[in-house]
Amino acid sequence: MAERELKKKTTTTRESNEVVEEEVSAKSESAEKLKADLDDLLDEIDEVLEENAEEFVRNYVQKGGE
Amino acid sequence: MSIPKICGIETEYGISVVGAADMNPITSSSILINAYANEVAERTRWDFDGETPQRDARGMDSLVSFPPEVETHLVNTVLTNGARLYVDHAHPEYASPECRTPRDAVLFDRAGEIVLRRAMAAAQGGMPRGQSIVVYKNNSDGKGNTYGCHENYLMDRATPFVKIVRYITPFFVSRQIFTGAGKVGSEAPGLDHSVVPFQLTQRADFFEEEVGLETTLKRPIVNTRDEPHADASRYRRLHVIIGDANLSEYASFLKVGTTALVLAMIEDGALDDLDIVLATPVRSLRQISYGLDLKTEVPTVGRGEMTALQIQWEYFERAVKYGDREGFEALGSEDQGAWLLEEWERILSALERDPMELADTLDWVAKLQIVSGYRERHGLAWSDSKLAAIDLQYHDLRPEKSLAARAGLRTLVPEEAVIRAVTEPPTDTRAYFRGRCLEKYRDSVAAANWDSLIFDVGSDPLRRVPMMDPLRGTAHHVDTLLERSGSVVELLRGLGAEG
């Protein structure tokens, strides 16, 4: 475990603050993009989701298998 | 040195009929497979000789076991990519050909999705107006009925089964943090949505034993079915029933890759120093599946409480050392082995930081993100049937309905390769010989099986060609012979000459 933590630390250490800041801002931008993507996806789901969810779920009955 | 981890994935698909919800699923599954066999591919009979699903790897006949019946009357066919497509119980099932690498296992599992999609289209023509057959790649109907996605790995017969059980059990219980396909709610008795709103896996609710022969009741974490479909004196086939069917290619690759690697390590004694023994594996399986923050601790014998992540890291660390020492010949590809370790580390690290970072990689995270987002947007209770519908529809194979196809999952195999794998076999296992013979001598193949082909050469009795070694019958072994054999008689003569 100690070995792994050491490795992780060395790979995430950055030499200057500038780099770290850039990363942070890139991260928040990508977080915003992810949220926008999720919103689009949820819009799409509203369109394609089976209209009568209750009946759809009730009718989906399987026999056990394997 | 461990033996090559030849592997494959068999998937039982969920099936329903729009416009005729009460149609017998054996009927609809048969219509589906027949439609594919008749319209898309030619039909070759499956040969049931050598099927012994009741044989127990522990070397005894268990008195409380109820072996699955082999239903010979149901529809069964074998495809030119070396796969088997058939009706199993009340489900359409696609069993991939034998694959040499984890990536190929993913490729041929994905090819199975295309096969089922084409089967749906082919079946449509024969359906009454307003009815259509729909197939789902999932493992539960949300009402307590489950069906499997099984993995198979070639093992050295010399490795004691108890040793496999000892070292694979903690791995199986903990790997669900990246293999799980996610599920809204729980199907275990007495656990409503207030207790388990969402869990990591489709299957954890259904496991009741640590080790056993059954697959349809009292499901065990380690299945003991001893049916190698190969030379039983040298090989066993580990039949793994504890996984979920994955839509994410990455999850599927990690599932098969890490499991194959761990099994190779068991064979080579590379886990002999691993001292993790779960005190309550069955209970821990469920607790881990129910703990979305991955902080659930489960009791061990002598190591105190551990999380699934801690357990996985211990396997991972040994895998790194093993790779340095032995390489990845067991996985059939040094590159894939090295990449597998990178991805395994990336996934464990991300799961440790924030699982939601993996919404483009793991099925359970992708599904959870959609379900939670939808729930928040519409202010729904976890028990709302819309969320159950999203869960189900995530697995719908119809492109116009599939939510997995919309979830932004990263892909691993190019679509052209998947399409090719629908008809062409892997080149580096015996599936090559099976698939090519079916393609070239279709009319003369009387029946096919995992470990043999039966040819009808006309006047003589049927001729069985055994294929007891999954590593033989590759393109390297048989391409020249296939090329120069214009007829089956020539092929058989050539095989005889080669001994």
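What's counted below: heavy atoms across the whole structure, side chains too, no hydrogens, waters or symmetry copies. Naming: A, B, ... by sequence-line order, numbering from 1 per chain.
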Closest heavy-atom pair and its distance - N59(A), A21(B): CG-CB, 3.8 Å
Over 12 foreign heavy atoms within 6.0 Å of CD, E54(A): no
Contacting region of L41(A) [heavy-atom separation from chain B under 4.5 Å]: side chain
Non-hydrogen side-chain atoms of H378(B) and D46(A) separated by less than 4.5 Å: yes
Residues of residues 137-146 of chain B within contact distance of chain A, non-hydrogen under 4.5 Å: N138(B), S140(B), D141(B), K143(B), N145(B), T146(B)
Expected output: side-chain Q393(B) to main-chain V48(A) donor-acceptor under 3.5 Å: yes
Audit row: E50(A), R398(B), salt bridge (Lys or Arg N to Asp or Glu O under 4.0 Å) steps and yes/no: CA-CA 13 Å; E50(A) 294 287 347; R398(B) 294 171 296 177; 3.3 Å; yes
Salt-bridge criterion met for E66(A) and R225(B) (N-O under 4.0 Å): no
Gap between atom CD1 of I45(A) and atom CD1 of I390(B) - 0.5 Å precision: 5.5 Å
Heavy-atom pair count under 4.5 Å with chain A, highest-scoring of K401(B), E314(B), E400(B), E93(B): K401(B)
For chain A, the option from A407(B), G408(B), A359(B), G373(B) that forms the most heavy-atom pairs under 4.5 Å: G373(B)
Interface moiety of D40(A) toward chain B, non-hydrogen atoms closer than 4.5 Å: neither
Contact check, side chains of Q62(A) and H91(B), non-hydrogen atoms, under 4.5 Å: yes
Close side-chain approach of R377(B) to D43(A), heavy-atom, < 4.5 Å: yes
Heavy-atom closest contact (G14(B) atom, Y60(A) atom, distance): CA-OH, 3.4 Å
Nearest non-hydrogen partners of A53(A) and A389(B), listed with the distance: CB-CB, 3.8 Å
Contact class of L403(B) relative to chain A, heavy atoms under 4.5 angstrom: side chain
L387(B) versus chain A, the contacting section by heavy-atom distance below 4.5 Å: neither
